[in-house]
2 protein chains.
Amino acid sequence: MTVIFSKKCEYGMQAILYLAAREKGTLVSADEISKVLKIPREFVSKILQSLRDSGLISSSKGKSGGFSLAKPASRIKLIDVVAAIDGLEMFDSCVLGFQECSPTHPCPVHNTWGPLRTQTYDMLTSETIDKLKEKTLHKISSL
Amino acid sequence: MTVIFSKKCEYGMQAILYLAAREKGTLVSADEISKVLKIPREFVSKILQSLRDSGLISSSKGKSGGFSLAKPASRIKLIDVVAAIDGLEMFDSCVLGFQECSPTHPCPVHNTWGPLRTQTYDMLTSETIDKLKEKTLHKISSL
DNA sequence: ATCAAATCAGATATTTTTATCTGATTAAAG
DNA sequence: CTTTAATCAGATAAAAATATCTGATTTGAT
């Protein structure tokens, strides 16, 4: 049973949205993120580390350390998080799992699937973390 | 890294499409399906068994036994295979992984994601195995 | 200086998915 | 009636995804 993105990726998107929503110059600890978003602490910690490695967020160690966005929220898109965690393979591999699936050797749903995939990609590319800030605040307040 | 459907589901869709394309009253063995579609024999065998349990295909044992569609290809849709194998949870769970995600407590991408998901669902619902028969034949001939 | 609170890296554990093995059963054909 | 080619059920194995543990390091505050 699949749900588009891996748990890691879902958590990563939640976390980075939370960072953007929560941000007022202060650093946010993995512990806080874990508690608010109900993600296992050590797991979200690893995910945050990988997002840092990808350059989307930055971290500082020691007491009162934590995480923050590495660049303006307006310059971070959902697709960046997907690319960093799940990769973009899903956007150019065959939905029916055929090895080669191209315009010259299309799978049976190649043409109907294509536009849907493109729309999905475009959506993830146009949604910046910044644009989603208000909605994230609302969502968080209901957790 | 996710690709929408599980391997099982991809293989299941390929196999049922193959059955429809291949069908001229004859039964098709798991071995043939495995070879043509390059799916591990015992694995596709299990998948075929589960599709039989779901009532989409039927099987007969013994020499010259094999599998065939359990009903007219025009009455089998891709969504039936997805429902049988991966389940339909992906069509009503939150794409960002939030526990509750509803119009009253929407996740940040609830409204942009909704239409895309609906379109995807509709596509899988309108594509019958029968309609995809010709395209499947073309695809098979290139394997 | 010591303590406390945090990240960090690497190892380990658990669960799920993917794949294979074993042997039983069935049924057509020689 | 024996052989052969197939499904079938259940167990097992291997790989990947998810989650946890351990202890080291960093850094601000007491």
Side-chain angles (χ1 to χ4, degrees), chain A residues 1-15 19 22 25-54 56-70 82 84-87 89-90 97, chain B residues 1-15 19 22 25-54 56-70 82 84-87 89-90 97:
Chain A
M1 165 168 0
T2 353
V3 310
I4 313 292
F5 302 118
S6 69
K7 279 257 166 264
K8 257 185 200 163
C9 192
E10 288 178 356
Y11 290 160
M13 291 190 285
Q14 288 187 23
L19 276 185
R22 173 77 177 55
T26 64
L27 296 176
V28 184
S29 72
D31 198 56
E32 173 180 338
I33 296 175
S34 164
K35 281 185 176 120
V36 174
L37 300 178
K38 302 182 182 73
I39 305 173
R41 191 188 179 296
E42 298 304 324
F43 195 37
V44 80
S45 180
K46 282 282 185 250
I47 294 166
L48 290 165
Q49 280 173 45
S50 88
L51 289 176
R52 172 211 53 188
D53 292 344
S54 305
L56 295 177
I57 66 181
S58 53
S59 67
S60 56
K61 299 170 78 172
K63 188 156 181 171
S64 79
F67 299 89
S68 61
L69 300 182
V82 174
I85 300 180
D86 278 350
E89 188 191 308
M90 61 172 295
Chain B
M1 168 170 356
T2 354
V3 311
I4 313 292
F5 302 119
S6 69
K7 277 258 169 263
K8 258 185 198 161
C9 193
E10 290 177 356
Y11 290 161
M13 292 189 285
Q14 288 188 22
L19 276 185
R22 174 77 176 55
T26 64
L27 297 175
V28 184
S29 72
D31 197 56
E32 174 180 338
I33 296 176
S34 163
K35 281 185 177 122
V36 175
L37 300 178
K38 302 182 182 75
I39 305 173
R41 192 189 178 295
E42 299 304 324
F43 195 37
V44 80
S45 182
K46 282 281 185 252
I47 294 167
L48 290 165
Q49 282 172 43
S50 88
L51 289 176
R52 171 211 54 186
D53 293 344
S54 304
L56 295 177
I57 67 180
S58 52
S59 66
S60 57
K61 299 170 79 172
K63 188 157 178 172
S64 80
F67 299 89
S68 61
L69 300 183
V82 175
I85 300 181
D86 278 350
E89 189 190 308
M90 60 173 295

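To find a chain, count down the sequence lines: A is the first, B the second, and so on, and within it residues start at 1.
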Straight-line distance of B:Ile39 CD1 to B:Ser34 OG, nearest 0.5 Å:
7.5 Å

Between P on C:dA19 and CG on B:Leu48, what's the gap in Å once rounded to a whole number?
14 Å

When you check the gap from the basic side-chain N to the acidic O, do A:Lys7 and A:Glu10 get nearer than 4.0 Å?
yes

Euclidean distance, atom CD1 of residue A:Ile39 to atom P of D:dT20 [Å, nearest integer]
12 Å

Kindly point out which of D:dT20, D:dT18, C:dA19 is positioned nearest to the side chain of A:Pro40?
D:dT20

Would you indicate, yes or no, if D:dC8 has its OP1 or OP2 atom less than 4.0 angstrom from a side-chain nitrogen or oxygen of B:Arg41?
no

Compare all side-chain heavy atoms of A:Leu56 with those of A:Leu69 and state whether any distance is below 4.5 angstrom.
no

Can you pull out the residues from residues 58-70 of chain A that lie within a 4.0 Å heavy-atom distance of DNA chain D?
A:Lys61, A:Gly62, A:Lys63, A:Ser64

What is the distance from CD of A:Gln49 to P of C:dG10, rounded to the nearest Å?
10 Å

Does the A:Ser29 side chain pair with the main chain of A:Gly66, one donor and one acceptor, at a distance under 3.5 Å?
no

Rounded to whole angstroms, how far apart are NZ on B:Lys7 and C1' on C:dT20?
17 Å

Rounded distance (Å) that lies between atom P of D:dA6 and atom CZ of B:Arg52:
17 Å

Pairs satisfying side-chain hydrogen bond (donor to acceptor under 3.5 Å, both in side chains), at least one member in residues 40-51 of chain B, at least two apart:
B:Asp31-B:Arg41

Going by heavy atoms in the side chains, are A:Gln14 and A:Ile33 under 4.5 Å from each other?
no

At what distance, to the nearest 0.5 angstrom, does NZ of B:Lys8 lie from CD1 of B:Ile85?
8.5 Å

How many Å lie between CZ on A:Phe43 and P on C:dA9, as a whole number?
17 Å

Per A:Lys46 side chain, nearest of listed nucleotides C:dA11, D:dT18, D:dA9
C:dA11

Please state how far atom CG in B:Asp53 lies from atom P in D:dC8, giving the value in whole angstrom units.
8 Å

Expressed in angstrom and rounded to an integer, what is the separation of B:Ile85 atom CD1 from C:dT17 atom P?
13 Å

